[in-house]
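Because only heavy atoms are used, hydrogens play no part in the values below, and waters and symmetry mates are left out as well, while side chains stay in.
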Amino acid sequence: MTKAAQADRGRSAGIVISIISASSNQLGAATGSLAFPVVGPVGVVAVRQLVAAAVLLPLVRPQVRSMTRAQWWPVLLLAVVFGTMNLTLYSAVERVGLGLAVTLEFLGPLAVALFSSRTRTSAAGAVIAGAGVVAIARPEPTTDYLGIGLGIIAACSWAAYILLNRTIGARVPGVQGTATATGVSAMLFLPIAVLIFITKQPGTFTLLCAVAAGVLASVVPFVADLLALRRVPAGLFGILMSLNPVLAALIGVALLHEALGAIEWAGIALIVTANAIALLYSRDRSASRQHDADASALPQVDGFELSPSGSTRPQVDDPTHS
């Protein structure tokens, strides 16, 4: 098999793994929602954080004792963001459904991408996304404004997650910062989990649904994303992650019997389109800047060929939630 064929095969495998990751994430959220009637979104998120920490901490083994104050403060903030992001998302899922909640949450990374570029293309993307939000919200007497507001808070939390991860990535090696933040978040939710499970006394089915949410929505995507990023470019990975709202809507319809009208589907499509535009334009600009930088730098070095510097693993603004 030629190198080109191997590369194509690896990319195809990466695409499949990325779709599996996204599907697992949304399937986890759907499974967790089945436990809402007994323990509520808070109980499900508490179990999800505990499961994620139980898997990630032994796997990563972060060196917490050697972390400095400059490393700790963004990690602690990220722990708070983790809890807020997942709690508001699951609360939104309970009120407005899986598909719409996940679509609203995707406004977070989209806003970061659009504000980072500040061009006509980003302005067009913002308009498209705004039209999608209006289509989803459709202001009327029966509109669940609280559910929409929770989805938007989840979006703001995701935006904060991206910005904090950039800081942590520059200060803490590997994924130790993310694992540490997951552990801290789990510690914050532990007393809540104990209180809820003592007072509510959930049955086996509820417990299994909550644990499955942690495995499917945290552990599986974490591993799958690492495998996918070894096989596909970061830009393509980001575009594939844009399918999350569509997958969430389909899973919500198939498993949770959620009803979405043509206008809601149009709103989801508009936001996914805006996100894809932002990612494609960002990738093109990055490639253009890299080409210009290489072209200007190479003639200044006598007898040497410079290679682009950077981490061994491409940074993606939307890995999975932990």
**Request:** Any chance you could measure Cys209, atom SG, to Leu216, atom CG, to the nearest 0.5 Å?
**Result:** 10.5 Å
**Request:** Begin with the C-alpha distance, continue with both residues' side-chain angles, and end with the deciding distance and a verdict on side chain to side chain contact (heavy atoms under 4.5 Å, CB included) for Leu34 and Leu256.
**Result:** CA-CA 9 Å; Leu34 298 178; Leu256 304 179; 4.0 Å; yes
**Request:** Mind listing the closest non-hydrogen atom pair of Ala186 and Gln49 along with its distance?
**Result:** CB-O, 3.6 Å
**Asked** Has the side chain of Gln176 got a donor or acceptor atom that lies under 3.5 Å from a matching backbone atom of Gln63?
**Response** yes
**Prompt:** Under a 4.5 Å side-chain heavy-atom rule over Ile, Leu, Val, Met, Phe, Trp and Tyr, are Ile196 and Leu208 clustered together?
**Reply:** no
**Fill in**
salt bridge (Lys or Arg N to Asp or Glu O under 4.0 Å) pairs touching residues 63-75, sequence neighbours excluded, are none
**Request:** Over all heavy atoms of both residues, which pair between Ala22 and Met241 is shortest? Give the atoms and the distance, please.
**Result:** CB-CE, 4.1 Å
**Request:** Applying salt bridge (Lys or Arg N to Asp or Glu O under 4.0 Å), name anything that partners Arg95, two or more places apart in sequence or on another chain.
**Result:** Asp144
**Request:** Measure across Ala53 and Pro58 and return the closest heavy-atom pair with its distance rounded to 0.1 Å.
**Result:** O-CD, 3.8 Å
**Prompt:** Should Leu78 and Pro74 count as side-chain neighbours, where that means a heavy-atom distance under 4.5 Å?
**Reply:** no
**Non-hydrogen atoms of Ala159 and Gly108 that approach each other most closely** = CB-O, 3.8 Å
**Request:** Please check if Trp73 and Leu76 belong to a single hydrophobic cluster, counting links between Ile, Leu, Val, Met, Phe, Trp and Tyr side chain heavy atoms closer than 4.5 Å.
**Result:** yes
**Prompt:** Who passes side-chain contact (heavy atoms from CB on, under 4.5 Å) against Ile153, sequence neighbours left out?
**Reply:** Thr84, Thr88, Ser157
**Asked** Applying salt bridge (Lys or Arg N to Asp or Glu O under 4.0 Å), which residue pairs with at least one partner in residues 21-47 are found, sequence neighbours left out?
**Response** none
**Request:** Given side chain to side chain contact (heavy atoms under 4.5 Å, CB included), test Val55 with Phe222 step by step and report yes or no.
**Result:** CA-CA 10 Å; Val55 173; Phe222 177 81; over 6 Å; no
**Request:** Mind checking side-chain contact (heavy atoms from CB on, under 4.5 Å) for Glu94 and listing every partner two or more places apart, or none if nothing turns up?
**Result:** Phe36, Pro41
**Asked** Quick one: does Phe82's side chain get under 4.5 Å of Val184's, heavy atoms only?
**Response** no
**Fill in**
The side-chain contact (heavy atoms from CB on, under 4.5 Å) partner of Leu56 among Val175, Val219, Thr182 is Thr182
**Request:** With sequence neighbours left out, write down each residue that passes side-chain contact (heavy atoms from CB on, under 4.5 Å) with Ala70, or none if nothing qualifies.
**Result:** Thr68, Arg171
**Request:** Side-chain contact test, heavy atoms from C-beta onward, threshold under 4.5 Å: evaluate it for Val112 versus Arg166 and give yes or no.
**Result:** yes
Determine all donor-acceptor pairs shorter than 3.5 Å in which one atom belongs to a side chain in residues 258-272; sequence neighbours excluded.
residue	atom	partner	partner atom	Å
Glu258	OE1	Leu98	N	3.1
Glu258	OE2	Leu98	N	2.9
Glu264	OE1	Gly261	N	3.0
Glu264	OE2	Arg138	NH2	2.5

**Prompt:** From Leu110 CG over to Trp158 CH2, what is the distance, rounded to the nearest 0.5 angstrom?
**Reply:** 10.5 Å
**Point-to-point distance, once rounded to the nearest 0.5 Å, from CD of Glu105 to SG of Cys156** = 11.0 Å
**Prompt:** Between the side chain of Asn86 and the main-chain N/O of Gly83, is any donor-acceptor distance below 3.5 Å?
**Reply:** no
**Request:** State the CG-OG distance between Leu227 and Ser18, to the nearest 0.5 angstrom.
**Result:** 10.0 Å
**Prompt:** Arg61 side chain to Leu57 main-chain N or O, any donor-acceptor pair under 3.5 Å?
**Reply:** no
**Request:** Indicate the atoms forming the closest heavy-atom contact of Ser33 with Val93, along with that distance.
**Result:** CB-CG1, 4.3 Å
**Message:** Any heavy-atom pair between the side chains of Leu255 and Leu27 that's under 4.5 Å?
**Reply:** yes
**Fill in**
Rounding to 0.5 Å, atoms CG (Leu226) and CD1 (Ile17) come to a distance of 10.5 Å
**Item:** By side-chain contact (heavy atoms from CB on, under 4.5 Å) - contacts of Thr206 (at least two apart)
**Value:** Ala35, Val38, Val39, Pro202
**Complete:** Rounding to 0.5 Å, atoms CG (Asn244) and OG (Ser23) come to a distance of 8.0 Å
**Message:** Starting from Ile20 and following side-chain heavy-atom contacts under 4.5 Å between hydrophobic residues (I, L, V, M, F, W, Y), which residues can be reached?
**Reply:** Val16
**Request:** Check the pair Arg48, Tyr90 against side chain to side chain contact (heavy atoms under 4.5 Å, CB included), reporting the backbone distance first and the verdict last.
**Result:** CA-CA 11 Å; Arg48 172 178 170 171; Tyr90 278 35; 2.8 Å; yes
**Asked** Can you list every pair that meets salt bridge (Lys or Arg N to Asp or Glu O under 4.0 Å) and has a residue in residues 186-195, with sequence neighbours left out?
**Response** none
**Request:** Supply the members, apart from Val194, of the Ile/Leu/Val/Met/Phe/Trp/Tyr cluster built from side-chain contacts under 4.5 Å; use none for a lone residue.
**Result:** Leu50, Leu190, Ile198
**Single-linkage hydrophobic cluster, 4.5 Å side-chain cutoff, Val80 and Val45 together** = no
**Request:** List the steps and the verdict of side chain to side chain contact (heavy atoms under 4.5 Å, CB included) for Phe189 and Val47.
**Result:** CA-CA 8 Å; Phe189 273 99; Val47 174; over 6 Å; no
**Request:** Look at the side chain of Ser218 and the backbone N and O of Val215, then say whether any donor-acceptor pair between them is shorter than 3.5 Å.
**Result:** no
**Request:** Over all heavy atoms of both residues, which pair between Leu150 and Ala92 is shortest? Give the atoms and the distance, please.
**Result:** CB-CB, 3.9 Å
